[in-house]
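Atoms within each ligand, like the ligands themselves, are counted from 1 in listed order.
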Amino acid sequence: MVMSTRATEAKASVDIVTNFLARVQALTDDPDALDFTFGNPHEFPLPGLSAAIRTQIEPRSVDWFAYKTSEREAQEAVAAGLRAELGLAFEPEDIAMTQGAFGAISLAFALLADAGDEVVIPVPGWFCYEPMLHAANLVPVRAPLADGSFELDVEAIARVLTPRTRMVVVNSPANPTGRVYPKAAWDALADVLEGASQANGRRIWLLSDEPYRRIRFDGIEFASPAGSYASTVIDYSYAKVMLAPGQRLGYLALSPMLPAAERAELQAALMPIGLAIGWGFPDAIMQYAVPALETVSLDLAELTRKRDRLYGALSGAGFEVTRPEGTFYLWGRAPGGDGHAFCDALAQRGVHLMPGKLFDQPHHFRISLTATMDMIERALPHILEVAADLR
Ligand SMILES: Cc1ncc(COP(=O)(O)O)c(C=O)c1O
C-alpha cells in the first residue's frame, strides 16, 4: 500500500462524498441543472463581504502580508461577539483564528486528543468528522440521534462511552437535520460526561461544532453546551452565515468556565499547535476583516421564506420532513423509502438533491436552501411528480 493506514481509512470513509462532489462539480457546465446538494451560494456574494475585503486589500505597512498568527483585533472582535451571544466571559486569549470550522476542528483534535483515542460523533451528522478523525489518528465512534425526531440522544451517547473516549462532538444547529438542541439536553449530557470522566480518571472533552449558530428560524433560542459543561471548546465558521465557504475564516474558542490553570495552559498552546498542524491560521486579509464581518449575514427573512415554501409544499404532499429550526438544510425521508432511487430519478430531470446515504441514512435526502426561490419553484413540480411515481 502506498498511502499511510490513516490516509487509506480517511479516504475510504469519505469516498462516497468526494465521488458525489465530483459529479456535482460537473454540473457547473449545465446551465439548466438545479443544484440543491452542497451548501454553496447560488447568488452573488454579499456586498458587506466584498466591501470588508476591499477595505483591507491595500497594504498599509510593510508587514501587511507578513506571517499572521491570530490577529489581536480579530480575537477581540470574536471574544466580544461571543460574550454578547453566549453570556460567558470570553477573553481574546481564548480565541484561535482558523481556516474555517474545518481548521478549528483539526486544531481541537491536535490540542486535546492522543493517537488511538475514541471520539464520539453524531449520526446522522456532517460527513467530514470521520475522515478528519482518521487523518488525526483518532477513532470515530458513532452515536445515533433520536430516531425520527433527531433530538440529541444523551443515553445513546452514554452507551458508546468507554475508557478510551477522549471527546464527544456535538453540532447544533445540526447538519443535516436542522434541529437546534435546548439547554436541558446539554445539562443532561454534562451530567453524563462528568460521571464518565470521573469513572475513567481522565477528562472527556466536548467539541461544540457551531458553524450554523447564527442561522436560526422563528427566533428560536440558542444554547451552547459551553454554558453547561466546563470542558468545552467551540468551533465556528463565517462561511455559513456569509455564504462564502471559499474564503476560509473561523475560530476555536476555549470555554471561560475552564479552571484558571488549565485555561491558561491551553491559551498558551493555541498558537504553537496552530503552527504545528500546518500554519492553520487564516489569511491576513480575512483576519483584518473580522470586526466588519462579525455583522455580515445572509438574508434570514428570505431564507425563512424558502424554508416555509419548501417545507410547506413537501409536508403538504405527505412527505416526512423535519422542520428546520436552524441551518440552511431541509431533511426528509424519501417517498417509497429509497433515498438513492428518489435522488436518482430527480437527477435525471436535472434536479439534484443530496442522497441520505452520504450521512449513512439511505432512506433520506437533504435539500440545501442556499438555492434561490426561483430554483425551488422550478424544482417543486418535479419533486412532487417523482414522489407520486415512487409511492
Ligand atoms: C456541521 C459542519 N461543521 C463544520 C463544517 C465546516 O465548515 P467550513 O467549511 O466553513 O470550515 C461544515 C460545513 O459544511 C458543517 O456542516
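In this structure, Pro211 has a heavy atom closer than 4.0 Å to ligand 1.
Distances below 4.0 Å separate heavy atoms of Ser237 from the following atoms of ligand 1: 8 (P), 10 (O). Within ligand 1, counting atoms from 1 as listed, the ones closer than 4.0 Å to a heavy atom of Asn171 are 1 (C). Residue Ala239 has at least one heavy-atom neighbour below 4.0 Å for each of these atoms of ligand 1: 10 (O). The contact set between ligand 1 and Gly100, taken as ligand atoms under 4.0 Å from a residue heavy atom, comprises 11 (O).
What sits closest to atom 9 (O) of ligand 1 on the protein, heavy atoms only, is Arg248 NH1, 3.2 Å. Of the protein's non-hydrogen atoms, Asp209 OD2, 3.3 Å is the one closest to atom 2 (C) of ligand 1. For atom 7 (O) of ligand 1, the closest heavy atom belonging to the protein is Ala101 CB, 3.6 Å.
Under a 4.0 Å N-O distance rule, the pair Glu302/Lys306 does not qualify as a salt bridge. Using a cutoff of 4.0 Å between basic side-chain nitrogens and carboxylate oxygens, Asp218 and Arg307 are scored as salt-bridged. Between Glu85 and Arg213, at least one side-chain N (NZ, or NE/NH1/NH2) sits under 4.0 Å from a carboxylate O, which counts as a salt bridge. A salt bridge links Glu262 to Arg203: one of the charged nitrogens lies within less than 4.0 Å of a carboxylate oxygen.
Taking every heavy atom of both residues into account, Leu82 and Ala253 meet most closely at CD1-CB, 3.7 Å.
Comparing heavy-atom distances from atom 13 (C) of ligand 1 across Met242, Glu210, Lys240, Gln99 singles out Lys240 as nearest. Across the listed options Phe102, Trp126, Tyr212, Trp126 owns the non-hydrogen atom lying nearest to atom 5 (C) of ligand 1.
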- Could you check Val78 against Phe90 for side-chain contact (heavy atoms from CB on, under 4.5 Å), going step by step and ending with a plain yes or no? CA-CA 9 Å; Val78 168; Phe90 289 91; over 6 Å; no
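Taking the six-membered ring wherever Trp is involved, the centroid distance between the rings of His364 and Phe150 falls below 6.0 Å.
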